[in-house]
Amino acid sequence: MTSNIKIAPSILSADFANLGQEIAAITTAGADYIHVDVMDGHFVPNITIGPDVVKALRGYSDKIFDVHLMISPVDPYIESFANAGADIITIHAEATPHFHRSLQFIKSLGKKAGISLNPATPPCMIEHVMDMVDLVLVMSVNPGFGGQKFIASSLDKISTIRKMIEKQGRHIDLQVDGGINMDTAQSAIDAGANVLVAGTATFVGGPDKYAENIKALRGK
Ligand code: DX5
Ligand code: ZN
């Protein structure tokens, strides 16, 4: 069961002066997805990177680029991230009143569509878009920064969404993001997550440790 667990290192914790090499290093170390956190200083209180940086980084890995958009509005930027080489584009249910439309747009561009929920947002928010998503992202911290503490109530939400996914009868990734480390990873897996995002816990110790860190997160 745990062999199906995918690890998505968040490059938010990488050396930003050396991002291309960092992405190549985590690819060699066994990352499944490259998790790219896009923040706008409006939807979340931090600013990171835009589509031109994603495009520049695309050539450093053949892994799935999993782009987590923490931006509002989101619609005007979806196509730029698709063109930059995103494979999965995840938007926040709280970032737009029309996320059904945004998800349709992502799918129309031939990309996988993800929907994310902040810690205070209930699973029922996404009940009526479950038929169109490829990934559900449960935020286990309030988005904006790496290195925060895992919010334990996320586990119940993961279990609930795992049941919603089972009802769909097709594969949908269930991703958890925030505060995932050697102590919290297994509980997220047990609750039903199959993709673990990890920034701090992947990049701690520098490139020599990446393979060991990723292996430890994946579980037994
Ligand atoms: C937070 C981001 C996360 C973050 C995770 O807003 O979406 O991807 O980088 O960082 P850690 O693993 O350090 O909690
Ligand atoms: Zn993220």
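All ligand and atom numbering here is 1-based and tracks the order in the structure. All values below were derived from every heavy atom in this structure, side-chain atoms included, with hydrogens, water molecules and symmetry-related copies excluded.
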Does the side chain of M130 reach to within under 4.5 Å of the side chain of I165, using non-hydrogen atoms? yes

G178 neighbourhood, listing ligand 1 atoms whose heavy-atom distance to it stays under 4.0 Å: 14 (O)

Ligand 1 to H68, heavy atom cutoff 4.0 Å, flagged ligand atoms 7 (O)

Audit row: D173, Y33, side chain to side chain donor-acceptor pair (under 3.5 Å) steps and yes/no: CA-CA 12 Å; D173 275 338; Y33 295 174; 2.5 Å; yes

Under the ring-ring contact (aromatic ring centres under 6.0 Å, His included) test, residues paired with F203 that sit two or more places apart: Y210

Please enumerate all residues that pass ring-ring contact (aromatic ring centres under 6.0 Å, His included) together with F105, with sequence neighbours excluded. none

Using a 4.0 Å cutoff against the non-hydrogen atoms of H35, which atoms of ligand 1 qualify? 8 (O)

Between T121 (side chain) and E94 (backbone), is there a donor-acceptor pair under 3.5 Å? no

Taking A84's backbone N and O only, do any of them form a donor-acceptor pair with R58's side chain (distance below 3.5 Å, no angle check)? no

Atom 1 (C) of ligand 1: nearest protein contact (heavy atom, Å): F145 O, 3.6 Å

Can you tell me the protein heavy atom closest to atom 9 (O) of ligand 1 and the distance? S10 OG, 2.9 Å

Nearest non-hydrogen protein atom, atom 13 (O) of ligand 1: T200 OG1, 2.4 Å

Under 4.5 Å between side-chain heavy atoms, counting indirect links through other Ile/Leu/Val/Met/Phe/Trp/Tyr residues: same cluster for L135 and F99 or not? no

Atoms of ligand 1 less than 4.0 Å from M70 heavy atoms? 6 (O), 7 (O)

G147 to ligand 1, any heavy atom closer than 4.0 Å: yes

Passes salt bridge (charged side-chain N to carboxylate O under 4.0 Å, His left out), D134 versus K107? Steps please. CA-CA 10 Å; D134 301 291; K107 300 294 284 179; 2.7 Å; yes

Taking it one step at a time, do S10 and D37 satisfy side chain to side chain donor-acceptor pair (under 3.5 Å)? CA-CA 7 Å; S10 160; D37 287 308; 2.6 Å; yes

Tell me which one of V176, D177, V141, T90 gets a heavy atom nearest to atom 4 (C) of ligand 1. D177

Is there a donor-acceptor pair closer than 3.5 Å between any side-chain N or O of K55 and the backbone N or O of N83? no

Below 4.0 angstrom from a heavy atom of A198, which ligand 1 atoms are there? Numbered from 1 as shown, please. 12 (O)

For ligand 1, which atoms sit closer than 4.0 Å to a heavy atom of M39? 6 (O)

What protein heavy atom lies closest to atom 10 (O) of ligand 1? Include the residue and the distance to one decimal. G146 CA, 3.5 Å

Contact atoms of ligand 1, heavy-atom distance to V197 under 4.0 Å: 8 (O)

Sub-4.0 Å heavy-atom approach of F150 to ligand 1: no

Taking all heavy atoms of L109 and all of A82, pick out the closest pair and write down the distance. CD1-CB, 3.9 Å

Looking only at protein heavy atoms, what sits closest to atom 14 (O) of ligand 1 is G179 N, 2.8 Å

What residue and heavy atom of the protein are closest to atom 6 (O) of ligand 1, and at what distance? G144 N, 2.7 Å

At what distance is the nearest protein heavy atom to atom 12 (O) of ligand 1, and which residue and atom is it? G199 N, 2.7 Å

List the atom of L117, the atom of P123, and the distance in Å for their closest heavy-atom pair. CD1-CA, 3.9 Å

Count of N, O or S atoms belonging to protein, less than 2.8 Å from the Zn ion (ligand 2): 4

Across all chains, not counting sequence neighbours, the ring-ring contact (aromatic ring centres under 6.0 Å, His included) partners of H68 are H35, H92

Check ligand 1 against P143 and write out every atom of the ligand that is under 4.0 Å from a heavy-atom position of the residue. 6 (O)

Nearest heavy-atom pair of R218 and I5: which atoms, and what distance? NH1-O, 3.0 Å

Are K112 and D66 within salt-bridge range, i.e. N to O under 4.0 Å? no

